[in-house]
Number of protein chains: 2
Amino acid sequence: MDTLDIGEVIRHSGLPASTLRYYEEKGLIRPTGRRGLRRLYHPDVLQRLALIALGRTAGFSLDDIAGMFGPDGQPQIDRQQLLARADELERTIRRLSALRDGLQHAAHCPAPNHMACPTFRKLLQTAGTAPRHPRQPGKP
Amino acid sequence: MDTLDIGEVIRHSGLPASTLRYYEEKGLIRPTGRRGLRRLYHPDVLQRLALIALGRTAGFSLDDIAGMFGPDGQPQIDRQQLLARADELERTIRRLSALRDGLQHAAHCPAPNHMACPTFRKLLQTAGTAPRHPRQPGKP
DNA sequence: CTGCAAATTCAAGTCGACTTGAGGTCAAGC
DNA sequence: GCTTGACCTCAAGTCGACTTGAATTTGCAG
């Protein structure tokens with residue numbers, strides 16, 4: 001049988017049913033049918049969910065991601081959009097790297113308190129302007 | 001005069017008054033007094049705000065950050081905590097780097113659609129497990 | 001003294017991505 | 001045939017970090 005029960009999707013993807021239903025409501029995924037009430041999915045849904053996860057990680061919103069699938073369901077991701085996001089990612093990475101260095105320095109710095117450390121203070125200067133970028137909510 | 005009017009804090013920090021009040025309510029900052037209704041701040045508040053911004057960028061919540069100031073107002077940031085955060089940052093950076101590479105590849109990949117590209121598919125494999133990490137809300 | 005821009009308070013609203021809860025349905029195993 | 005547990009629906013709630021709005025108060029320029 002070439003369909004997955006929602007239970008299997010849950011097991012394979014690690015996502016809770018509520019999330020799958022939410023994604024469906026958002027138009028991100030679509031069950032191929034039902035067995036009774038139970039949703040049935042095409043196995044491809046797993047790849048699609050992975051793609052969604054990837055997009056979220058890259059900083060796209062669910063709505064952004066929904067826009068990346070053509071009406072046929074094939075991903076039609078605009079290359080410009082990808083590059084733009086890669087650029088933004090690059091900038092984020094730079095800032096986070098600086099930050100990581102700063103944190104490590106602060107953790108080892110012998111100054112009595114962090115404000116007495118020139119490196120730390122310098123970090124404060126440059127960290128003022130933060131880029132705004134969506135998040136990833138936890139699954140507490 | 002060694003105090004800043006809230007208006008000056010706004011100009012120097014770029015934060016709106018509502019945010020300053022919110023931070024105050026959270027115990028993150030404290031005005032030194034008032035002129036009429038208007039809050040007055042010690043110039044140090046700017047550094048403190050920078051520190052808060054830094055902490056947010058590093059992924060700390062406002063509550064976390066509030067806990068990093070001793071009762072005297074001096075930052076007392078636990079070094080273990082800093083190192084832990086630096087580690088987490090390091091992991092995040094790695095993932096984002098891989099992602100950036102993947103996005104760039106996808107943007108240039110000649111495959112008819114992204115799913116036909118092996119590199120992209122490989123990216124999907126590894127991006128499944130995302131670390132959970134707070135966000136930064138925008139200011140639109 | 002008057003006017004007004006800039007502050008103030010307080011409660012309530014927003015946003016995205018989900019989760020939770022109450023009450024209902026049903027396929028499969030005994 | 002009956003139970004059971006996994007699923008269902010739908011509305012409402014949550015979380016963090018702010019923002020917004022209405023009604024008020026002020027400091028200061030003219």
Side-chain angles (χ1 to χ4, degrees), chain A residues 1 3-41 45 49 51-67 130-140, chain B residues 1 3-41 45 49 51-67 130-140:
Chain A
M1 207 163 292
T3 61
L4 299 176
D5 184 271
I6 190 176
E8 314 192 83
V9 176
I10 288 170
R11 275 187 287 290
H12 284 82
S13 69
L15 296 171
S18 60
T19 299
L20 296 179
R21 280 182 225 116
Y22 178 67
Y23 282 1
E24 179 178 342
E25 194 185 336
K26 282 248 145 187
L28 288 165
I29 58 175
R30 194 164 47 87
T32 51
R34 300 267 181 140
R35 170 164 45 241
L37 284 184
R38 281 174 166 74
R39 286 163 173 80
L40 297 175
Y41 295 94
V45 81
L49 288 172
L51 190 51
I52 293 169
L54 180 65
R56 297 268 303 113
T57 301
F60 291 103
S61 74
L62 291 182
D63 285 349
D64 287 342
I65 295 169
R132 298 345 174 105
H133 196 280
R135 59 61 194 286
Q136 286 163 268
K139 47 165 144 184
Chain B
M1 206 162 296
T3 61
L4 299 176
D5 184 272
I6 190 174
E8 313 192 84
V9 177
I10 288 169
R11 276 187 287 288
H12 284 82
S13 69
L15 295 170
S18 59
T19 299
L20 296 179
R21 282 183 225 114
Y22 177 67
Y23 282 1
E24 179 178 342
E25 193 185 335
K26 281 248 146 188
L28 288 164
I29 59 176
R30 195 164 48 88
T32 50
R34 301 265 183 143
R35 170 163 46 241
L37 284 183
R38 283 173 165 73
R39 286 162 173 80
L40 297 175
Y41 295 92
V45 81
L49 288 172
L51 190 51
I52 292 169
L54 180 66
R56 298 267 306 113
T57 301
F60 291 103
S61 73
L62 291 183
D63 285 349
D64 287 342
I65 296 169
R132 298 344 174 103
H133 195 281
R135 59 70 192 287
Q136 285 162 270
K139 51 163 149 185

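Only heavy atoms go into these numbers, but all of them, side chains included; no hydrogens, no water, no symmetry mates. Here is how names work: the chains are called A, B, and so on, in the same order as the sequence lines, proteins then strands, and each is numbered from 1. The model shown is predicted, which means the values in this text are computed figures rather than measured ones.
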(request) Would you mind reading off the distance between B/R35 atom CZ and D/dC28 atom C1', rounded to a whole angstrom? (result) 10 Å
(request) Taking the side chain as every heavy atom from C-beta outward, state whether A/E24 and A/R30 have any pair of such atoms under 4.5 Å apart. (result) no
(request) Using whole Å, report how far CZ of A/R21 lies from C1' of C/dA17. (result) 15 Å
(message) Can you measure A/L4 atom CG to D/dC7 atom P for me and round it to whole angstrom units?
(response) 13 Å
(request) For A/R38 and for B/D63, locate the closest nucleotide of DNA chain D by heavy-atom distance; then report the residue assigned to the nucleotide nearer the 5' terminus. (result) A/R38
(message) What is the distance, to the nearest angstrom, from the CD atom on A/E24 to the C1' atom on D/dC8?
(response) 11 Å
(request) Answer whether the closest heavy-atom distance between the side chains of A/L40 and A/I6 falls below 4.5 Å. (result) no
(request) For residues A/L49 and A/L20, determine if any side-chain heavy atom of one lies less than 4.5 Å from a side-chain heavy atom of the other. (result) yes
(message) Among D/dC18, C/dT8, C/dA17, which nucleotide has an atom closest to any side-chain atom of B/T19?
(response) D/dC18
(message) Nearest whole Å is fine: how far is C/dA27 P from A/L37 CG?
(response) 8 Å
(message) Nearest to the side chain of B/I6, heavy atoms from C-beta on, is which of D/dC18, C/dA17, C/dT8?
(response) C/dT8
(request) Look at the side chain of A/Y23 and decide which nucleotide, out of C/dC18, D/dT19, D/dT26, has an atom nearest to it. (result) C/dC18
(request) Kindly indicate whether the side chain of A/K26, heavy atoms from C-beta on, has any atom under 4.5 Å from the side chain of A/D63. (result) yes
(message) If I compare all heavy atoms of A/G7 with all of A/D5, which pair ends up nearest, and what's the gap?
(response) N-OD1, 2.8 Å
(message) Measure CZ/B/R34 against P/C/dT8 and give the value in whole Å, please.
(response) 6 Å
(request) Between B/G7 and A/G36, just flag the one whose closest nucleotide in DNA chain C comes earlier from the 5' side. (result) B/G7
(request) To the nearest Å, give me how far apart OH (B/Y22) and P (D/dT20) are. (result) 15 Å
(request) Provide, to the nearest angstrom, the distance between the CD atom belonging to A/E25 and the C1' atom belonging to C/dG16. (result) 13 Å
(message) Please pick, from C/dA17, C/dT20, D/dC18, the nucleotide with the shortest atom-to-atom distance to any side-chain atom of A/S18.
(response) C/dT20
(message) The side chain of A/P16 is closest to which nucleotide in this list: C/dT8, C/dT25, C/dT19?
(response) C/dT19
(request) Could you tell me whether the phosphate oxygens of D/dC7, OP1 or OP2, come under 4.0 Å of any side-chain nitrogen or oxygen in A/R39? (result) no
